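Everything numeric in this text was worked out from a predicted model, so none of it was measured. The sequence lines fix the lettering, A, B, ..., with proteins before strands; numbering per chain opens at 1. What you see below is based on every heavy atom in this structure, not just the backbone, and it leaves out hydrogens, waters and symmetry mates.
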Amino acid sequence: MLKEIIFYGRGGQGGVTAANLLASAALKSGNKGVQAFPFFGAERRGAPVKAFARISDEEIYLRSQIREPDVVVVLDTGIMDVVNVTEGLKEDGIVLLNTPRKPSEVEMPCRVATVDATTIALNNKILVGGIPVVNTPLVGALAKLLDGVNIEAVKEAIKERFGKNAEANANAAEQAYNEVVL
Amino acid sequence: MLKEIIFYGRGGQGGVTAANLLASAALKSGNKGVQAFPFFGAERRGAPVKAFARISDEEIYLRSQIREPDVVVVLDTGIMDVVNVTEGLKEDGIVLLNTPRKPSEVEMPCRVATVDATTIALNNKILVGGIPVVNTPLVGALAKLLDGVNIEAVKEAIKERFGKNAEANANAAEQAYNEVVL
Amino acid sequence: MGKTGTWRVFRPVIDKEKCIKCWFCWVYCPDAAIARKEYPEVDYDYCKGCGICANECPVNAIEMRREEK
Amino acid sequence: MGKTGTWRVFRPVIDKEKCIKCWFCWVYCPDAAIARKEYPEVDYDYCKGCGICANECPVNAIEMRREEK
Amino acid sequence: MIVIDTGNHIAALAAKMAKPHVIAAYPITPQTTIVERLAQYVENGEMDAEFIRVESEHSAMAACIGAASVGARTFTATSSHGLLLMHEMLHWAGLARLPIVMVNVNRALGPGWNIWSDLNDSLSQRDTGWIQFYASSVQEAYDNIIQAYKIAENEEVMLPAMICYDGFILSHTSMPAEIPEQHEVDKFLPEYKPAWKMDVEKPATHGNIVPPEYYIQIRYDMHLAMERAKKIIQEVGEEFGRKFGREYGLIHEYRCDDADYVMVTMSSIAAEGRVAVDRLREKGEKVGLVNLRTFRPFPREMLKYDKMIVIDRDISPGLGGVVYNEIRGNGSEVYGFMAGLGGMDVSYKDIERMYELAKQGKEGLYPLEVK
Amino acid sequence: MIVIDTGNHIAALAAKMAKPHVIAAYPITPQTTIVERLAQYVENGEMDAEFIRVESEHSAMAACIGAASVGARTFTATSSHGLLLMHEMLHWAGLARLPIVMVNVNRALGPGWNIWSDLNDSLSQRDTGWIQFYASSVQEAYDNIIQAYKIAENEEVMLPAMICYDGFILSHTSMPAEIPEQHEVDKFLPEYKPAWKMDVEKPATHGNIVPPEYYIQIRYDMHLAMERAKKIIQEVGEEFGRKFGREYGLIHEYRCDDADYVMVTMSSIAAEGRVAVDRLREKGEKVGLVNLRTFRPFPREMLKYDKMIVIDRDISPGLGGVVYNEIRGNGSEVYGFMAGLGGMDVSYKDIERMYELAKQGKEGLYPLEVK
Amino acid sequence: MMVAIKDLPLDEKILKGHAACPGCPITIALRIALKALGEKTMLVIPASCSAVVQALYPKTAFNVPTLNIAFEASAAAASGVSSALKALEKEDVLPVVWAGDGGSYDIGLQALSGALERGTDFIYVCYNNQMYSNTGIQRSGATPYGAWTTTTWKGKEEHQKELAEIVMAHHIPYVATATIAYPTDLYEKMKKAKEMKGPRYIEILAPCPPGWRFDMSKTVEMSRLAVETGAWVLYEMVDGKMEFTGYSKRLLAGKKRKPIKDWLKMQGRFRHLTEEDIEEIKKEIDAKWDYYMKIYGGNEDGK
Amino acid sequence: MMVAIKDLPLDEKILKGHAACPGCPITIALRIALKALGEKTMLVIPASCSAVVQALYPKTAFNVPTLNIAFEASAAAASGVSSALKALEKEDVLPVVWAGDGGSYDIGLQALSGALERGTDFIYVCYNNQMYSNTGIQRSGATPYGAWTTTTWKGKEEHQKELAEIVMAHHIPYVATATIAYPTDLYEKMKKAKEMKGPRYIEILAPCPPGWRFDMSKTVEMSRLAVETGAWVLYEMVDGKMEFTGYSKRLLAGKKRKPIKDWLKMQGRFRHLTEEDIEEIKKEIDAKWDYYMKIYGGNEDGK
Ligand SMILES: Cc1ncc(C[n+]2csc(CCOP(=O)(O)OP(=O)(O)O)c2C)c(N)n1
Ligand SMILES: Cc1ncc(C[n+]2csc(CCOP(=O)(O)OP(=O)(O)O)c2C)c(N)n1
Ligand code: SF4
Ligand code: SF4
Ligand code: SF4
Ligand code: SF4
Ligand code: SF4
Ligand code: SF4
Ligand SMILES: [Mg+2]
Ligand SMILES: [Mg+2]
């Protein structure tokens with residue numbers, strides 16, 4: 001089964017890394033086909049960016065952008081003013097928001113999950129150039145929402161990728177895994 | 001009638017200019033088709049060079065090199081050690097040599113004309129960088145040998161082309177016209 | 001040229017009481033987001049929240065506050 | 001690499017009597033056409049007849065003569 | 001070993017494992033991460049190569065030419081304007097018959113600036129005498145680089161080789177790839193023993209003035225070498241298959257056997273096209289797909305299908321699709337689409353649509369002007 | 001007035017009479033005498049233009065782009081490696097839709113250095129969006145330059161134009177040419193009124209980042225402009241004919257009407273070919289000749305003869321003759337010869353021979369490898 | 001006689017909503033420069049962050065005519081613009097190149113040098129953020145010794161090119177350096193250049209938060225500290241006559257420089273430097289200033 | 001300690017029968033340079049007269065490995081050669097670029113500057129005949145003010161670029177000037193450069209008879225007079241330390257310069273100059289020497 005995920009965020013928040021981590025974790029969790037890619041503009045830090053991930057038990061030949069995602073991850077709810085994040089979302093698709101609010105406090109025409117990744121990032125002191133990096137906690141939360149991906153694989157993928165900040169990021173992921181609400 | 005002429009000389013002697021002057025003079029003498037062009041190598045001063053001229057009463061469409069000349073002009077007999085100047089010469093073709101010798105003193109299997117262009121150049125003080133320029137006298141001599149080209153047109157062509165040395169060159173041409181021996 | 005105010009994580013808030021009108025915040029703002037009115041005025045539609053104004057204000061009249069979203 | 005001696009209009013002729021073996025002619029010849037033997041020796045197969053050797057010889061031991069052809 | 005990483009990082013890994021002596025490269029989006037990764041390999045000692053941090057792509061290629069002339073194995077990578085700036089030196093490397101290997105990450109040309117995929121950059125180098133491979137997956141990018149050295153350095157070929165793949169769509173996409181062990185690569189690709197090189201023991205002059213009689217031969221021999229490369233590419237692809245389990249040739253056919261229509265394309269669209277073919281087959285359409293692995297040498301003689309649909313991610317002004325125009329005129333019925341220029345997304349749905357249009361006898365710029 | 005002078009000097013004269021505002025050029029054999037002559041015109045006040053003595057051809061084209069962007073009429077000239085070094089900027093000028101006019105004196109590419117005629121230099125720029133004219137006489141060189149401005153600057157076109165002719169064979173050959181009066185030229189070619197330009201009154205940004213949706217349109221429009229150019233070239237050629245007595249189109253046919261075989265070629269070989277045709281006709285052979293005046297736009301639809309013999313003075317490695325390959329596949333029987341590379345002399349006798357070979361069904365590299 | 005900040009024109013040529021990173025030095029510099037240059041300015045911009053910050057076609061945040069051009073071609077294109085303006089009798093309009101250090105020190109150097117040699121009438125501004133920031137922080141010829149970039153992971157081994165020195169060796173009418181922390185200094189140099197003819201060159205140090213790895217609020221502070229520590233020097237050379245300006249003039253006059261370590265420590269790109277490395281860098285800065293003192297010093301006010 | 005002419009090696013790397021014009025300075029310079037450099041030298045030569053004088057393929061008059069390369073690419077190609085030699089452990093072989101002024105001052109400047117900045121291990125020789133001679137005498141960045149060329153019919157209006165100065169601004173280990181009239185000076189500079197590492201630059205004034213319009217027998221005389229009149233200066237800069245050499249050293253020590261007029265008058269390219277023009281040029285040369293005196297003079301022997 002093919003699962004398609006879109007990440008919405010801003011340059012510098014690590015949306016692309018989130019997609020990559022998810023793909024790694026998915027591979028580690030036993031999926032044969034995994035893929036992660038950005039839709040890069042020539043964006044600078046702070047500008048809206050989009051990243052994609054695909055997970056499947058078979059080899060993936062698709063190279064096009066995801067137009068009908070199963071899951072949408074919003075790293076920064078601010079962009080929801082500018083971007084319609086539910087566009088194309090599958091019928092039973094889920095939107096995962098980085099927000100302190102509960103799903104019930106969010107009015108959206110679809111299933112919503114939430115986690116306060118920014119606070120988790122700040123608590124774990126993961127910042128780059130003053131901007132909290134919310135990608136690792138969100139990937140942790142995804143492990144809860146996606147069938148084919150387990151949290152141990154996520155933590156492993158984080159540890160492979162991050163040098164000295166690996167621990168803090170892995171902790172953040174685990175914390176989010178536990179705190180995410182659907 | 002098409003007449004084809006090859007000039008053999010060395011870089012700096014003005015073989016290309018000779019061909020150009022001849023073409024100009026031929027046009028002035030009433031020929032509709034005239035053409036002059038060099039076979040340039042990347043040659044430097046002193047190295048052997050070749051130039052071509054065509055004269056005809058009709059427009060010329062030929063662009064290829066001349067392989068069977070009617071007249072061959074040798075600006076510097078020294079190159080005859082290295083180049084076979086009579087190659088391809090038409091049956092009744094003429095070789096015009098720059099030499100103090102008389103045609104009778106030259107052993108060649110064809111009609112030969114001679115003129116001492118170097119001495120004429122030295123006498124008229126036409127030198128560039130220490131090298132006597134023999135082209136104008138030789139074109140003067142050609143006016144004698146070629147039906148369609150007259151010496152007045154040659155002198156006119158020289159005057160148009162040369163600035164302050166026009167007179168000396170025109171004189172040299174006339175002198176050669178008078179001195180050439182067939 | 002979207003409204004770059006949405007990029008902000010922290011927002012500069014100017015305390016007019018403290019302000020001495022040196023206009024450093026105005027001249028240094030990379031986003032031309034501070035207007036030189038009677039007092040400096042931030043255009044939150046475009047301010048990206050870099051914090052240069054706050055960092056450069058000689059009298060600490062600008063505070064960077066976490067955006068509520 | 002033809003025999004560039006045919007390019008010559010004037011040929012350098014060295015007067016051994018005058019030569020003081022300063023080797024200027026040898027070092028300056030652009031065509032490496034002067035050999036440093038007992039006396040300088042011109043290789044007429046290659047000498048292009050530029051006349052530098054004659055111009056530089058401090059004792060005028062080299063004369064440039066018109067080639068006879 | 002299965003590694004998951006972006007096309008660029010995997011390409012850098014391939015370059016590392018091919019053990020070039022000299023790398024000279026200049027950054028440009030979307031190639032940059034190749035250069036960065038290679039610099040890192042060299043700096044931390046994982047790679048024993050000289051890395052020349054040139055000041056332009058023109059110099060990158062000139063440096064590779066200098067290095068290759070001394071007998072070194074060389075690598076570089078570029079994209080778009082970087083490739084264009086190399087143009088003179090590409091011709092040079094080709095005519096000098098130096099087996100330089102380069103990655104070109106396909107990107108559109110300016111103005112305006114557009115950093116997304118488009119094949120005009122490498123296609124407009126098709127006269128320079130470079131072998132051109134196009135990859136449709138990260139795995140192919142890796143495999144093509146390793147094979148490119150072996151092909152380019154083959155005595156019968158001795159031509160430079162360019163490995164192309166789509167900017168972002170492959171360069172920045174993480175996918176799993178099977179990476180062989182270094183000793184296996186070493187065995188497949190032994191040290192480079194150049195047939196000629198600059199050598200103080202045997203002084204020779206390279207590239208001085210060539211008169212027409214020789215020039216015509218030298219240039220024609222380059223053409224023949226490109227023709228000979230077809231056989232070598234096939235052979236090396238088969239050997240690669242035997243050793244690593246993935247066999248390659250000049251083209252890759254997918255469900256073509258009984259196909260009424262064969263779609264021909266290259267690079268990432270060829271992968272997406274498989275999905276379209278599968279879906280169309282499910283609907284009962286008899287359609288197949290050819291993934292052009294090499295555009296130079298161009299395997300025209302292999303592309304003999306009754307009806308073909310060619311999808312170009314390029315457009316040569318006044319000519320149209322470049323691939324289409326090289327295929328056209330072999331007796332087949334050929335429909336051409338230009339699609340995906342400047343990074344326009346091309347999905348399997350678009351490809352299905354082009355198939356439908358072709359069946360109606362239409363062709364053109366997809367989706368804007370099809371008639 | 002009839003003037004006798006070399007192709008280059010007559011080209012310089014044409015450039016002068018077209019009254020460009022800005023000239024930026026760099027010397028290279030065999031183009032040099034154009035630049036020299038223009039510098040002289042400007043210095044002695046015969047020409048009222050700014051002459052920019054650039055430090056490279058890349059900068060020559062960049063300077064023309066800068067000048068044209070401000071609304072100036074521009075001229076430059078180059079050859080061979082100079083043209084290759086401009087490659088990136090040629091693409092730029094094309095996509096920026098600037099009607100720059102340039103002479104390219106065709107010359108072979110190195111290494112080794114070869115300064116003689118060969119059309120690979122300009123043909124390998126055929127994707128850059130430049131209109132390409134080829135001249136077979138000094139007169140045509142003149143006439144093409146004057147018309148090129150009018151065509152390039154036409155609102156429906158707005159593309160740069162390149163006038164090509166053979167190095168030495170035309171550039172250094174003196175031939176008579178009919179030169180109109182300046183006021184006649186002025187009337188035919190009025191002042192340039194650009195549709196857009198950089199202007200402080202109307203600040204606008206040119207060439208910033210373009211997203212795919214716009215990019216695809218901009219690039220396609222360039223393709224359409226090249227197609228539209230066909231009509232404009234025809235119209236301008238007819239107007240030129242009315243005014244100056246020499247009519248032009250996209251191709252020039254010679255004794256084709258009843259011909260069994262039509263030879264297609266361009267540049268100086270097309271002139272020489274007339275001589276061959278006349279001689280073959282005398283022998284009773286039904287043969288005609290097409291002189292391709294424009295290679296971009298390519299008048300493919302006009303080249304519909306049963307049997308064609310295409311002579312290319314070029315060879316694209318792995319493709320063969322470039323002109324041949326663009327003609328091939330229109331339903332005709334086409335024989336291709338590559339001849340005259342690197343300045344090899346091609347005489348009417350050679351062309352007659354190629355005709356004989358084609359009749360035997362042969363083609364290939366003339367004279368070395370024909371089969 | 002220095003202009004005061006409050007006297008700088010209100011008119012903005014760089015519109016809000018551009019695409020630069022928060023805290024970008026480029027747009028600070030451009031805002032000030034264009035206040036001095038005014039509306040009769042045509043910008044020529046090579047590939048760089050400056051090309052990107054304009055925002056996406058068909059929009060633009062730049063309110064003066066702007067010609068984007070290939071990475072290596074800006075000075076040549078500006079020569080064309082300059083000649084065309086002359087030919088079209090619009091000599092009141094000034095072409096200004098706005099290029100990064102990569103486009104000036106490296107790939108665009110030749111075009112620049114050619115334009116200087118042939119006396120092009122223009123201002124060439126190099127904003128120097130000491131690396132290729134647009135492509136994601138690679139070394140340039142301007143990257144200082146020891147700095148991390150993604151092509152010099154262990155720190156650059158070579159010293160930076162001295163482009164201003166190279167430009168001075170071209171003997172042009174005006175060469176100046178500036179940086180964003182001193183807006184009036186920058187403004188006045190732009191004004192002065194604007195009034196002159198021939199080739200004029202101004203280089204602006206532009207600390208880039210993502211590239212140098214510092215907090216985005218510190219851009220101006222970083223710029224100021226570069227001058228206070230002597231890592232960057234403010235001067236102008238008019239017709240071959242050198243004069244230090246602003247804070248650098250005070251340093252030349254004997255004011256004590258802040259420790260270079262302070263500046264280095266604020267930047268992530270120098271994080272890996274050892275104490276010895278820092279000592280090394282300090283020595284070079286000292287040597288540079290000793291040299292300045294020797295040739296340009298000796299006068300209390302630094303003239 | 002100067003080597004004597006008779007001590008120069010007999011071995012010739014430039015064979016007879018090459019294609020240079022009679023009286024060509026290039027082959028004089030190359031003969032001497034290669035005597036110093038020896039057989040472990042690889043030449044890299046861009047488009048120029050030096051490419052042509054080698055003679056036609058398949059022949060060659062150069063008896064060291066020679067790589068001809070595109071006009072603008074010699075320093076970059078040499079970087080490749082240098083790195084390859086290092087990678088292949090042949091560091092005893094020295095890559096030497098032999099480029100004209102056009103290929104160095106103009107179109108090849110960027111590649112040169114890049115190679116210097118990245119510390120390429122090579123010698124770059126620019127033989128300066130002050131114009132593009134190969135294409136038939138067009139102006140280059142090195143063409144002096146006032147000189148006729150086929151692109152400056154009334155005399156060049158701009159001053160020549162000072163490439164050696166520009167190169168010095170790159171702070172490389174060795175920069176020297178020489179000319180063919182002083183073969184031992186040239187030989188020793190080549191030898192010295194050969195023993196060093198890193199980028200080394202040597203510029204050789206090379207008067208060209210057809211280009212400068214003088215009789216082919218005067219090549220050496222013209223070269224000597226350039227030094228004696230102070231139009232050309234002989235010096236070397238080792239690790240930033242400047243030292244004048246030979247006749248120029250004596251000029252620095254106070255010896256009177258010959259009138260520049262003598263040099264100008266010998267050359268057809270300056271024939272059109274008026275007395276005022278000449279006076280102008282004289283003033284500049286005077287100013288240049290005043291400057292030298294001020295910074296480098298003051299020591300009797302010119303050190
Ligand atoms: C020929 C070419 N090579 C490479 C690039 C890619 N490129 C675009 S901008 C850039 C770096 C620019 O650096 P700099 O000039 O310092 O400006 P900055 O990005 O730092 O503002 C590079 C390498 C290009 N556009 N064109
Ligand atoms: C890209 C390019 N542009 C132009 C040329 C033509 N060209 C060849 S040599 C030359 C002049 C060389 O001048 P210089 O470097 O001073 O050497 P010289 O001929 O004086 O020895 C020129 C313009 C070329 N070969 N390549
Ligand atoms: S936070 Fe930054 S963008 Fe916002 S007003 Fe202050 S300086 Fe301007
Ligand atoms: S920097 Fe502070 S004091 Fe100065 S104007 Fe702004 S708010 Fe007021
Ligand atoms: S004349 Fe010239 S070429 Fe002949 S030996 Fe003397 S210096 Fe050498
Ligand atoms: S220059 Fe004169 S003196 Fe000296 S070696 Fe030669 S011939 Fe003898
Ligand atoms: S990377 Fe640096 S220079 Fe570029 S836009 Fe961002 S802050 Fe500005
Ligand atoms: S033109 Fe000058 S530099 Fe060139 S080969 Fe002739 S003499 Fe030598
Ligand atoms: Mg930069
Ligand atoms: Mg020169």
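- Looking only at atom types and distance, the side chain of H/Ser113 has no donor-acceptor partner in the side chain of H/Gln110 under 3.5 Å away.
- Within the 4.5 angstrom heavy-atom criterion, no atom of E/Met61 approaches chain H.
- For H/Thr120, no part lies near chain E; criterion is any non-hydrogen pair under 4.5 Å.
- Of the listed residues E/Ala62, E/Ala68, E/Cys64, E/Ser69, the one with more heavy-atom pairs under 4.5 angstrom with chain H than any other is E/Ala62.
- H/Phe122 does not carry H/Arg200 over the face of its six-membered ring by the limits of under 6.0 Å from the centre and within 45° of the normal.
- Taking all atoms of both residues into account, the shortest heavy-atom contact from H/Asn68 to E/Trp92 is O-CZ2, 3.2 Å.
- For a residue to count as touching a neighbouring chain, one of its non-hydrogen atoms must lie under 4.5 Å from one of that chain's; by this rule E/Ile218 touches chain H with the side chain only.
- In terms of heavy-atom proximity, H/Thr27 sits nearest to H/Ala20 at CG2-CB, 4.1 Å.
- Residues E/Tyr214 and E/Ile216 fail the side-chain proximity criterion, which asks for heavy atoms closer than 4.5 Å.
- Looking at E/Val70, the atoms closer than 4.5 Å to chain H (heavy atoms on both sides) sit in the backbone and in the side chain alike.
- Contacts between H/Val64 and chain E at a heavy-atom distance below 4.5 Å involve the backbone alone (N, CA, C, O).
- In this structure, chain H has a heavy atom under 4.5 Å from the side chain of E/Ser56, while its backbone stays farther away.
- With a 4.5 Å cut-off on non-hydrogen atoms, E/Asn208 touches chain H through its backbone and its side chain both.
- Geometric assessment of E/Lys16 against the ring of E/Tyr41 yields a positive cation-pi assignment under the 6.0 Å and 45° thresholds.
- Residue E/Ala204 touches chain H through its backbone alone, counting heavy-atom pairs closer than 4.5 Å.
- Geometric assessment of H/Lys35 against the ring of H/Tyr187 yields a negative cation-pi assignment under the 6.0 Å and 45° thresholds.
- Ranked by heavy-atom pairs under 4.5 Å with chain E, the first of H/Ser83, H/Ala73, H/Gly114, H/Ala75 is H/Ser83.
- Taking the six-membered ring where tryptophan is involved, the planes of H/Tyr127 and H/Trp98 are essentially parallel, since the angle between them stays under 30° and well short of 60°.
- H/Ser133 and H/Asn129 share a side-chain donor-acceptor pair at under 3.5 Å.
- Ring geometry for E/Tyr220 against E/His223 counts as tilted: the plane angle lies between 30° and 60°, on a 0 to 90° scale.
- Side-chain atoms of E/Met162 and E/Leu83, non-hydrogen and from C-beta on, do get closer than 4.5 Å to each other.
- Of the atoms belonging to H/Lys13, not a single heavy atom falls under 4.5 Å from chain E.
- Highest contact tally toward chain E, considering only H/Glu39, H/Glu72, H/Lys90, is held by H/Glu72 [criterion: heavy-atom pairs under 4.5 Å].
- Proximity to chain E (any heavy atom under 4.5 Å) is restricted, for H/Leu88, to the side chain, taken from C-beta onward.
- Between chain E and the residues H/Gly80, H/Ala84, H/Ala115, the largest count of heavy-atom pairs under 4.5 Å involves H/Gly80.
- The greatest number of non-hydrogen atom pairs below 4.5 Å with chain H, out of E/Ala72, E/Ala96, E/Ala63, E/Ser59, is found for E/Ala63.
- Both the backbone and the side chain of E/His21 come within contact range of chain H, each with at least one heavy atom under 4.5 Å from a heavy atom of that chain.
- When each of H/Val93, H/Ile69, H/Leu85 is checked for heavy-atom pairs under 4.5 Å with chain E, H/Ile69 comes out on top.
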